[in-house]
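Naming: A, B, ... by sequence-line order, numbering from 1 per chain. Only a predicted model underlies this, so the values are computations on that prediction, with no experimental measurement involved.
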Amino acid sequence: MKQLQEILSAIGSWQAKGYQVIAPVRRDNLILLARIEDPSLINLDHILTVNTLKDFMLPRCETILRFDLEKACVEPGIDDSLPTIIFGSRPCDAAALSILDSILIGDVVDSRYAKRRGQTVVLTVACSRVDGACFCKSMGYGPHDPTGSDIILLPSQGGYLVRLISEKGRQFASDVGLEPDDAEADPEPELSRRVSTDGLKAWLDSNFEDPKWQVISENCVSCGTCYYLCPTCHCFDIADEAGISRGVRLRIWDCCSFSSFTKMASHQPRVGKYARYRQRVMHKFKYTVDNIGKVACVGDGRCIRYCPYGVDITEILKALVSGG
Amino acid sequence: MKNEQEAQLRRRVRELLNRGTVEVLLGYGRGLTGVRPLFVRDPANAEKLIWNEHCNLNLAGYLVREPLKQVMAGARIGLIVKGCDFRAVNVLIQEHQVERQNIYLIGMVCNGIESDSGSGILIKCRGCNVQVPEGTDEVIGNPQELRQIDGDPFEDVRAIMEMSLPERWSFWTSTLSRCIKCYACRQACPLCYCEECITEKSRPQWIEKAPTLSGNLAYHFIRTMHLAGRCVACGECSRACPVDIPVDVLTRFVALTIKERFDYVAGDEPDGKPFLASYCEDDPDDFIK
Ligand code: SF4
Ligand code: SF4
Ligand code: SF4
C-alpha cells in the first residue's frame with residue numbers, strides 16, 4: 001500500500017522524464033482536469049471533474065491545417081501531442097476512452113486522436129465516494145472498474161494499492177519504478193442510482209417513431225451542455241478562420257442538439273427538438289451498439305448533474321422501455 | 001411549516017386545467033439536481049407542482065421554444081411567474097414574440113429566492129419591487145407575509161467595475177477562456193430566441209466560431225450588445241453555465257447603465273416600448289462629443 005503523498009511526490013520525476021501531467025485541480029469553484037506544473041496543486045477530494053479526458057484526446061479546438069493563398073501553400077497543423085500521464089481521473093472516464101478508441105481507432109483511424117492516445121498513460125484513481133448521479137454500475141462498469149485504465153489505484157485503508165492493467169501501464173511503472181501491490185482493496189462504494197438496459201436496444205430498434213420522444217425531451221432546451229461534458233460524445237465541426245489571404249482550418253466540437261448541426265454538409269435533417277434528443281439516445285444506446293457492440297454511455301452522470309433543466313437520462317431510459 | 005401557497009397553486013392549476021382555461025401549464029417540479037420545469041396537462045399531475053424559495057428558474061424562455069412555441073397559436077398556455085420572470089414575458093410581448101391573450105399567467109407572491117449553494121438570498125432579489133406580480137391573470141400568495149429584501153442587486157457588477165482595467169481584462173480573459181461554447185447561456189436566456197444565432201453562421205461566417213479566447217470574447221460581446229435594453233437580469237444564463245462563468249454580469253452591466261442613464265428597466269411595463277425603439281427629448285446625450 002502507498003500513501004497518496006508518496007505517489008504525488010513521484011510526479012515531479014515523471015515530469016522530469018518529459019511527460020506532461022494532466023490532473024484534477026481547483027479553478028475558482030470548479031474541479032477541472034488540467035495540465036499541471038506543480039503536483040502539490042492536485043486535488044483528489046472530488047467525485048468527478050466537470051471536464052473529461054476527451055478535452056485532451058479530442059480537444060475542443062485544434063488546428064488541422066494552415067493555408068496561405070499568396071504563397072500558395074497549405075501546411076498541416078502543428079503536432080502538439082506529447083507523452084502524457086493522466087493522473088487522478090476516474091474509472092468512468094477511462095472507460096469512456098476505451099469506447100472512443102473503438103470508434104476513432106476503428107475501420108477509419110482518426111490520426112490526431114490515435115497519436116495522442118498512443119502517447120498517453122491513464123493512471124486512474126478509483127472512487128471511494130459516489131454521488132446520486134453516478135450510475136456506472138448500470139452501464140457495466142463500476143467505481144473500481146479498470147476498463148480503459150493503464151494503471152489503477154484502488155483505495156485501501158486510507159492509502160492506495162497500485163494495480164497494473166495494460167502493457168503500457170506495466171512499461172510505464174517499470175520506467176518510473178512504481179511497484180504494484182496485490183493486497184485487498186476496500187469494498188466499492190454502493191451506488192443508489194440504477195437503470196436497467198434490458199429490452200432497451202430492442203425497443204430502440206423498433207420505435208424510431210413514438211410519441212414518447214416528444215414527452216421525454218420536453219424540458220430540453222437544445223444546448224450543448226450534456227454533449228460537451230459527455231466523455232463519449234465526439235462529433236465535431238470544421239471551421240475556417242481566415243483573413244484575406246491566410247488562415248487556419250480548425251476542428252471544433254459540435255453537437256447534434258444544435259439546430260445548426262450538419263448544416264455545413266447540407267442541412268440539419270432533424271427538425272424538432274425531440275428528433276435531436278432522440279438522436280442523442282439512439283446514437284448512444286443503439287447505433288454505437290450496432291457498430292462496436294457497446295453502449296456509448298459510461299454512467300458518469302455529468303449530463304444529469306449539469307443539465308440546467310433537470311433532464312435525466314436514467315429516468316428517460318426507464319420511461320422509454322416501460323409500458324404505456 | 002405547511003406550504004399554503006403551494007397547496008393553493010396546485011388547487012388552482014387543477015381547476016384551470018379541468019375548466020379548460022389552459023391546456024398546458026408550465027411550472028416548477030422536482031428533479032434530482034433540484035427544481036426543474038414541469039409541464040402539466042393532466043389535472044391529476046398538478047400535485048407534482050412545487051413552490052418554494054428555491055424556484056429560481058425563469059420559465060419564460062419556454063414560451064419561445066419547442067414545444068410551447070408551436071402550440072402558442074391555438075392553445076392557451078399557463079405559465080407560473082415570479083414578478084421578475086414576468087418582466088421577461090413583457091419583453092417577449094413587446095417584441096411580438098408572444099400574444100398576451102395566448103398565455104395565462106399565474107403570479108407567485110415571492111419572498112426572495114435562496115441560492116442553492118447556501119449563501120442566502122440571491123443578489124438579483126435585492127431591492128425587489130415586484131414581490132407581488134401585478135398585471136398577471138391571478139396572484140397566488142399572501143402579500144401580508146412579505147418581508148422587504150434590502151441591498152444592491154448590482155453589487156457583483158459594481159465589484160467588477162471597480163477593478164482596474166488590467167485586473168478586469170485579466171478577470172474576463174481567464175474566466176471566458178474556459179467557455180466551451182455549449183450555448184447553454186443562450187438557450188437558457190428567455191430573450192435569446194433568434195432562430196439562427198449569428199455566432200453559428202458559416203456562410204458567411206461573421207465571427208470566430210471556435211471556442212478560443214478570441215472566439216469566446218466575440219460571442220459574449222455580441223450577445224451582451226444584443227441584449228442591451230432587453231436583459232431582465234434574471235440570471236438564467238449564469239445559472240445554466242456548467243463552468244461557472246458569470247455571463248450575466250456582462251448583460252446586467254448594460255442593464256445597469258441603461259437604468260442609471262435612462263431610468264429604463266426592461267419589461268417593467270407590460271405595454272411599454274422596447275428600449276431601443278423609444279426616444280425622449282430629454283434623453284442624456286453628453287456622451288455624443
Ligand atoms: S444539457 Fe439538458 S437542456 Fe442542454 S441539450 Fe442536454 S438535455 Fe438539453
Ligand atoms: S442575459 Fe441572462 S440575466 Fe439577462 S435576460 Fe438573458 S438569461 Fe436573464
Ligand atoms: S453556458 Fe458557459 S460554457 Fe456554455 S457557452 Fe455560455 S458561457 Fe460558455
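Using a 4.0 Å cut-off between charged side-chain N and carboxylate O, Arg302(A) and Asp93(A) make a salt bridge. At a threshold of 4.0 Å, the pair Glu47(B)-Arg14(B) counts as salt-bridged, since one of the basic side-chain nitrogens sits closer than that to a carboxylate oxygen. Salt-bridge annotation for Arg158(B) and Glu162(B): absent, with no side-chain N of the basic residue lying under 4.0 Å from a carboxylate O of the acidic one.
For chain B, the nearby parts of Ala133(A) are the backbone and the side chain; heavy atoms of each come within less than 4.5 Å. Interface residue Arg193(A): only side-chain heavy atoms are found under 4.5 Å from chain B. Contacts of Ile304(A) with chain B are made by both backbone and side-chain atoms, with heavy-atom separations under 4.5 Å. When heavy atoms are compared at a cutoff of 4.5 Å, Asp240(A) approaches chain B solely by way of its backbone atoms N, CA, C and O. With a 4.5 angstrom heavy-atom cutoff, Glu315(A) touches chain B only via side-chain atoms.
For the options Arg239(B), Arg30(B), Glu195(B), heavy-atom pairs under 4.5 Å to chain A are most numerous at Arg239(B). Heavy-atom pairs under 4.5 Å with chain A peak, among Pro242(B), Ala240(B), Cys241(B), at Pro242(B). Put simply, of Arg65(B), Glu236(B), Arg178(B), the one with the most heavy-atom pairs under 4.5 Å next to chain A is Arg178(B). Options Glu218(A), Lys273(A), Arg27(A) differ in how many heavy-atom pairs under 4.5 Å they form with chain B, and the most are formed by Glu218(A). Interface check for chain A: of the options Leu57(B), Ile180(B), Leu38(B), Val35(B), the most heavy-atom pairs under 4.5 Å are formed by Ile180(B).
Here the two rings, on Tyr62(B) and Tyr309(A), have centers that are under 6.0 Å apart.
Evaluation of the side chain to side chain contact (heavy atoms under 4.5 Å, CB included) rule for Cys231(B) yields Leu227(B), Thr251(B), Arg252(B) as partners, not counting sequence neighbours.
Of the possible donor and acceptor atoms, none in the side chain of Lys54(A) sits under 3.5 Å from a partner among the backbone N and O of Pro231(A). In this structure a side-chain-to-backbone donor-acceptor pair under 3.5 Å is missing from Arg276(A) to Ser222(A).
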